[in-house]
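FYI, the numbering just counts along the sequence from 1. Order of appearance sets the numbers: ligands from 1, and atoms from 1 within every ligand. Hydrogens, waters and symmetry mates are skipped; everything else that's a heavy atom, side chains included, is used.
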Amino acid sequence: MVICSAPGKIFLFGEHAVVYGEPAIACAIELRTSVRVREGKKSKIASPYVAGAVKKISELVELERVNIDIHSDIPTGSGLGSSAAVTIATLFALNIEFDVGLSKEEIAHLGHEVERDVQGAASLTDTFVSTMGGVIFLPSCKRLNSLNCGVVIGNTGLSSSTKEIVDQVAKLKDRHSDIIQPLFHIIGELAKKGEYLVEKGDYKNIGELMNVNQGLLESLGVGSSELAKQIYAARKAGAFGAKITGAGGGGCMVALVDVDDMEEVASAIESVGGRAIYTKVTETGVTHDG
Ligand code: PMV
């Protein structure tokens, strides 16, 4: 029997534009998904991501009777990378239990293939960050300094389909390519400037540029009134910056916060109907826990 866990993630900058090759910055967070794999009575697998992970490994080694249990702190369909975390933790656990011999890089790439098979378009962001942990600049996958501040997430409780929202943005880009392409480019420029600010630990300016990124995500049509309320409430309560994280539509917003202001920001988010989650950035990617 093997137990492995992998973290969820937030985007500081660059969701959506990253699908078109622009830079982005994403960070692993302390919320995790744990997967237990045993050789034994074959379990019924409900998650297409877990089924996809099992299929990938079964193409490499014989995998007849495998039993899988999942436990997750990460709300699903909410922009926090829950599907990548379950995919990566499953691949890692199968890799150990069945002596497959894959490296972490190979696990991240196989996980990306699983996400692409299930969702259509998907960037390497979620699976790479979940595998490696830390603050990652994409597409080069360069590791940046960690963030030594608080992260407060506001969950709308409304699940949204990443695939549908990515398709919606693709259609907007097809209709108005001359307008939308430059917006993607500016989002990429925000991520590049963000790289420098993260290395300096300049949370005030990171927050200010997260707010600019939010304006551009609104322009792409991925905002919602529930998300906007929580974003404004968090900023008013003293967050360095606040924006959508992930695909948008429903899902979550994220606020970067001084650790002393976390409670105030969380209660502001709750006062407008959000479910607040306190977390921090973690350097720990996928782990073998037992
Ligand atoms: O909602 P999430 O956590 O799956 O993030 C989606 C991020 C997008 O940039 C919209 C898509 C992607 O695959 O990068």
For atom 7 (C) of ligand 1, the closest protein heavy atom turns out to be Phe11 CE1, 3.7 Å

So the atoms of ligand 1 within less than 4.0 Å of a heavy atom of Glu15 turn out to be 9 (O)

Checking His288 against Ile96 for the side chain to side chain contact (heavy atoms under 4.5 Å, CB included) test, could you report, in this order, the C-alpha distance in whole Å, the side-chain angles of both residues, the deciding distance, and whether it holds? CA-CA 9 Å; His288 181 187; Ile96 295 169; 3.7 Å; yes

protein heavy-atom neighbour closest to atom 4 (O) of ligand 1 works out as Thr162 OG1, 3.2 Å

Practice item. Answer yes if the side chains of Arg32 and Thr287 hold a donor-acceptor pair under 3.5 Å, and no otherwise. Key: yes

What about Lys9: any of its N or O atoms under 3.5 Å from an N or O on ligand 1?
yes

Can you tell whether the side chains of Glu189 and Lys193 come within less than 4.0 Å, N to carboxylate O? no

For the residue pair Glu115 / Ser83, report whether a side-chain donor-acceptor contact shorter than 3.5 Å exists. yes

ask   = Could an N or O of ligand 1 be found under 3.5 Å from any N or O of Gly246, whether backbone or side chain?
value = no

_Is there a side-chain contact between Asn95 and Val2 in this structure, where contact means two heavy atoms from C-beta onward sitting under 4.5 Å apart?_
no

Val18 heavy atoms within 4.0 Å reach ligand 1 at atoms 9 (O), 14 (O)

For Gly81, the atoms of ligand 1 under 4.0 Å from one of its heavy atoms are 3 (O)

Open item on the list: For a salt bridge (Lys or Arg N to Asp or Glu O under 4.0 Å) check, start with the C-alpha distance between Lys56 and Asp117, then their side-chain angles and the critical distance, and finish with the verdict.
Closed with: CA-CA 11 Å; Lys56 286 282 176 214; Asp117 292 347; 3.7 Å; yes

The answer for which part of Asp126 has a heavy atom under 4.0 Å from ligand 1 is side chain

At under 4.0 Å between heavy atoms, what of Ile165 touches ligand 1? The answer is neither

Closest to atom 13 (O) of ligand 1 among protein heavy atoms sits Ser123 N, 2.8 Å

(request) Run the numbers on Lys171 and Asp167 for salt bridge (Lys or Arg N to Asp or Glu O under 4.0 Å), then give the verdict. (result) CA-CA 6 Å; Lys171 285 185 185 134; Asp167 284 353; 5.7 Å; no

For Val19, the atoms of ligand 1 under 4.0 Å from one of its heavy atoms are 9 (O), 11 (C), 12 (C), 14 (O)

request  = Could you verify whether a donor N or O on one side chain and an acceptor N or O on the other, from Thr33 and Ser72, lie under 3.5 Å apart?
outcome  = yes

Regarding Asp289 and Ser5, is there a side-chain donor-to-acceptor distance under 3.5 Å anywhere? yes

Contact region, Glu115 to ligand 1, non-hydrogen atoms below 4.0 Å, reads neither

Notebook entry, point to check: Does His16 reach ligand 1 with a nitrogen or oxygen that is under 3.5 Å from one of the ligand's nitrogen or oxygen atoms?
Noted result: yes

